[in-house]
Every structure is written in structure tokens, then in C-alpha cells.
Amino acid sequence: MSLRGSPIGGRRPTMRDVAARAQVSFKTVSRVVNDEGGVSPLLERRVRKAIEELDFRPNVGARILRRSDRRTASIGLLLEDVANPFSAAVQRAVENEADRRGVVVYSASLDEDPARERALAKAFGARNVDGLLLVPAGDDQSHLAAELRAGTAIVCLDREASNLPVDSVVATNEIGAAEGVRHLAAAGHRRIAFIGDRRTVATARQRHLGYCEALRGCGLPLDPALVVQDVRDTSAADGVVTALLGRPDPPTALFTAQNLVTVGAVRALRRMGLEHTVALVGFDDFLLADLLSPAVTVIAQDPTAIGRTAAGLLFARIDGDTAPPQCRLVPTTLIRRGSGEIPPP
């Protein structure tokens, strides 16, 4: 009869139980569990067989206390919203990099709440993560200075930190937005609306700035009536687009500055039967954008590259890199699919 996973007196197996099962010393089991070497292949096989039969799980906390560097082989990842496709792609990239190093990733959503940022960063710090990857939710990350002093590596992604000297990895938001607006202007559009995320979000401000600069560069006037910001979700974006296109002088093109905003705009255009009449360029790609009719032209970020680069910087800091903090830029790409190439009436 197999004893795999059997409880021992209603408790979890310990290294002493493994030693008894393998008929070796406690020190031999400790060396195998902690990869210290100095154990013959024969004894190591016996120990690992006993570990498997008992379903033994090492006590991570105890292993940390025994390590001279007190590392936990874990990092924290604080994202805007893990349900957002962009955040999900970033998380997958970070997990891939961490997995290659045998590091566990703890993740959570900040929901653009500075108080939640502070609370979760403190909670992860209390769990002694070796490093923290953070999409800043507030305008001040100085509360993390104590974590830096305590030796926690910190890297910000998607947005730069404020009042905290750490590395960051961001997309070329301003450049990408300007490229999208110029693309619409090149198709002949003169009334291009901007629909953006919350102005408290740094990337939203940068994309709006790119919009304004592109209009100036193309010699087009900036009409405040065509600029709507602080749009938080798809339903709000749907309502904004409906209102804009219901005006006596509606825009002939839309630049939507966030993927969920773009989805809301697509819904409004299709409901109004204007998807082949009003041009649309969205910032950030989204699932099935290429399968719609017309397919959606986007300024695509590279969340995989952002996550991979940020994780690389973080692990370098964990390993002792003391170079001055840097900001890495990940380029955006204009993907022409049809919606952004619709000419004005």
C-alpha cells in the first residue's frame, strides 16, 4: 500500500520523518533539501524517494532563517488590474522570467488607488519579498523608501515612480499617441476626438500630450469640445462616443487612449452603424481587434517586453547591481488594420 501523502499523526511530515524513512541522518536530509551537496548519489536517491513518498514540503520560513542573505526567492508584482489584458500579459512575462530562476511571484491589483498601493506594498514587504515590481497608482512613491533601505529591490513598470530613485520600464506613450493622431490626419481628418483614461494616470497625461502635439504639428486646431478625459471603463466610453457623434458637428475620427476605452468606442460605433464611417485608432491592442469588421487600427504596446525587461532589471538589483537608476523605453508600433484608414466623409 502506498504511503504517499499520508499524514503522520495528523501533522505534516518533517525532515526528521524523511530521515527515518530513508534511514539516513537529519544532516543528510538537510543537505539534500537545501542543495548543499556533499551527499553520495545513493543516499540522495533514498532521501528524494522518501520525500516523494511522504509528500514532504520544506519549511520556507526556516530555510530563510538559515540563509546568510535571508532571501525568500519571491517577488511582489503590483499591477493596475490583473484582469486587464495588458496587465495579464505583463504578469505572464514576469512569471516566465521568475520561473527560470525558481522564484515565486505574488501579484495583486491596485485599482488606481494610492492607499491600496501603500497597503499592498507594506503587506508584501512584511512577507520579505526579495523585490517589488510596481505600476504606480499614486503621484508619490516616497513611502517605499523604507523598503529600499531595508534591501528590497524595486522597479516600476508602465509608469515612472515619483519621489523614489528606482529603475522604470515604460512604453513610448507620447510618441505613440502622436503617431496615431498623425496617421488619422494623413487620411484627411481634421476633427479628431481624444477619449482618454483618468488624468491622475501618468500614461493618460502623456498620451493626451502626444495628441495635442500631433495636432499642432499638423496645423490642426485643438478643440476642447473634442477632448474627453477621465473615462474609466467600456460603458463610460460607449456613452462618451455616443454623445460626441450625436453633436451637430461630430468628429470624423476618434483616438482612444486606452484599450478598454477603445472597446467601448467600438461598441458605440457598431450600435450606431458608423463603424465604416468614423475612423478609429486605439492606443494598446486588445483581443480580437484584428477580427472585427473593420479590424481596429492600434498603437500597440509590447507588454511582454515591458514585463521581461522590468523583471530583468529587478533580478539584477537583487543580485547586487548598484548602477544609477535608469528608465528603459519600450517602443510602440502602429498596426494598420482598417478602422484607422477610413477617410472623412
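Each residue takes its place number in the sequence, starting with 1. Both backbone and side-chain heavy atoms feed into the values below; hydrogens, waters and symmetry mates do not.
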| query | Heavy atoms, side chains only, cut-off 4.5 Å: are Leu222 and Val227 in contact? | reply | yes
| Polar side-chain atom of Arg116 near backbone of Glu112 as donor-acceptor pair, under 3.5 Å | no
| task | State yes or no: do Val263 and Ile195 share one hydrophobic cluster built from I, L, V, M, F, W and Y residues joined by side-chain heavy-atom distances below 4.5 Å, directly or via other members? | result | yes
| Nearest-0.5 Å distance that lies between atom CG in Leu274 and atom OG1 in Thr252 | 12.0 Å
| task | Measure across Ile192 and Val181 and return the closest heavy-atom pair with its distance rounded to 0.1 Å. | result | CD1-O, 3.9 Å
| remark: For residues 290-313, the salt bridge (Lys or Arg N to Asp or Glu O under 4.0 Å) pairs (sequence neighbours left out) are none
| said: Quick check against the 3.5 Å criterion: does Asp17 have a side-chain atom that pairs as donor or acceptor with the backbone of Thr14? | reply: yes
| remark: Nearest heavy-atom approach of Ala193 to Leu244 is CB-CD1, 4.0 Å
| request: Name all pairs fulfilling the salt bridge (Lys or Arg N to Asp or Glu O under 4.0 Å) condition that reach into residues 207-226, sequence neighbours left out, sorted by first residue then second. | output: Arg191-Asp223
| request: Is it possible for you to say whether Met272 and Val296 belong to one hydrophobic cluster, with membership spreading through side-chain heavy-atom contacts below 4.5 Å? | output: yes
| Is the number of heavy atoms from other residues, nucleotides or ligands under 6.0 Å of Arg337 CZ greater than 12? | yes
| query | Does the side chain of Glu179 reach to within under 4.5 Å of the side chain of Ile175, using non-hydrogen atoms? | reply | no
| Residue pairs passing the ring-ring contact (aromatic ring centres under 6.0 Å, His included) test where at least one lies in residues 276-295, sequence neighbours excluded | none
| said: When you measure from the side chain of Ser339 to the backbone of Leu280, do you find a donor-acceptor pair of N or O atoms at a distance under 3.5 Å? | reply: yes
| task | Could you go through the side-chain contact (heavy atoms from CB on, under 4.5 Å) check for Leu292 and Val266 one step at a time? | result | CA-CA 9 Å; Leu292 296 172; Val266 169; 3.9 Å; yes
| remark: dist Asn128:CG -> Thr152:OG1 (nearest 0.5 Å) comes out at 8.0 Å
| message | Hydrophobic cluster membership, with links at side-chain heavy-atom distances under 4.5 Å among I/L/V/M/F/W/Y: are Ile299 and Val201 in one? | response | no
| task | For Arg21 and Ala50, work out which heavy atoms get closest and say how close. | result | CG-CB, 3.5 Å
| said: What I want to check is whether the side chains of Asp238 and Thr242 have a donor and an acceptor closer together than 3.5 Å. | reply: yes
| message | Checking Ser235 against Asp233 for the side chain to side chain donor-acceptor pair (under 3.5 Å) test, could you report, in this order, the C-alpha distance in whole Å, the side-chain angles of both residues, the deciding distance, and whether it holds? | response | CA-CA 6 Å; Ser235 60; Asp233 52 40; 2.9 Å; yes
| message | Would the distance check show the side chain of Arg328 and the main-chain N or O of Val170 forming a donor-acceptor pair, the cut-off being under 3.5 Å? | response | no
| request: Could you tell me whether the side chain of Val241 reaches within less than 4.5 Å of the side chain of Val228, counting heavy atoms only? | output: no
| Within 6.0 angstrom of Arg232 CZ, more than 12 heavy atoms from elsewhere | no
| task | Mind listing the closest non-hydrogen atom pair of Gly196 and Ala257 along with its distance? | result | CA-CB, 4.0 Å
| Under 4.5 Å side-chain linkage, directly or through intermediates, the cluster mates of Val129 | Leu78, Val104, Tyr106, Leu110, Leu120, Phe124, Leu132, Leu134, Leu144, Leu148, Ile154, Leu164, Val166
| Heavy-atom donor-acceptor pair, Ser30 side chain to Phe26 backbone, under 3.5 Å | no
| Distance only, no hydrogens: is a donor on one side chain within 3.5 Å (strictly under) of an acceptor on the other, for Asp140 and Ser142? | yes
| Would Arg92 and Asn96 count as having a side-chain donor-acceptor pair, cut-off 3.5 Å? | yes
| query | Roughly how far, to the nearest 0.5 Å, is OG1 of Thr322 from CZ of Arg317? | reply | 7.5 Å
| Just by modelled atom types, is the Arg199 backbone N or O under 3.5 Å from a matching donor or acceptor in the Asp230 side chain? | yes
| said: Test your reading of the model: is there a side-chain donor-acceptor pair from Ser87 to the backbone of Asp81, 3.5 Å cut-off? | reply: yes
| request: Provide the closest heavy-atom pair for Arg247 versus Pro250 in the form atom of the first, atom of the second, distance. | output: O-CD, 3.2 Å
| request: Check whether any side-chain heavy atom of Glu147 lies under 4.5 Å from a side-chain heavy atom of Lys122, and answer yes or no. | output: no
| request: Just do the side-chain contact (heavy atoms from CB on, under 4.5 Å) check on Asp158 and Thr203 with the steps written out, would you? | output: CA-CA 8 Å; Asp158 191 41; Thr203 53; 4.0 Å; yes
| query | Quick one: does Val278's side chain get under 4.5 Å of Pro251's, heavy atoms only? | reply | no
| task | Could you tell me whether the side chain of Arg101 and the main chain of Ala73 form a donor-acceptor pair under 3.5 Å? | result | no
| query | So, do Cys327 and Glu160 sit near enough that their side-chain heavy atoms are less than 4.5 Å apart? | reply | yes
| field | Co-members of the apolar cluster containing Val135 [side chain, <4.5 Å] | value | Ile75, Leu77, Leu79, Val82, Phe86, Val90, Val94, Val103, Val105, Leu133, Val155, Leu157, Val169, Ile306, Leu313, Leu314, Phe315, Ile318, Val330
| request: Could you tell me the separation between the CD atom of Gln326 and the CG atom of Asp167, rounded to the nearest 0.5 Å? | output: 5.0 Å
| message | Checking the side chain of Gln258 only, and the main-chain atoms of Leu260 only, is there a donor and an acceptor separated by less than 3.5 Å? | response | yes
| message | Tell me whether Gln23 at atom CD has more than 12 heavy atoms from other residues, nucleotides or ligands lying less than 6.0 Å away. | response | no
| query | Is a side-chain donor or acceptor of Arg159 paired with a backbone partner of Pro136 at a separation under 3.5 angstrom? | reply | yes
| query | So which pairs with a foot in residues 187-245 pass ring-ring contact (aromatic ring centres under 6.0 Å, His included), sequence neighbours left out? | reply | Phe194-His208, Phe194-Tyr211
| Distance, nearest 0.5 Å, that separates SG of Cys212 from CD of Glu174 | 9.5 Å
| Is there side-chain contact between Leu269 and Leu254, with heavy atoms separated by less than 4.5 Å? | yes
| request: Please report the closest heavy-atom contact between Gly338 and Pro294, naming both atoms and the distance. | output: C-CB, 4.2 Å
| Can you tell me how far the CD atom of Glu44 sits from the CZ atom of Arg31, to the nearest 0.5 Å? | 12.5 Å
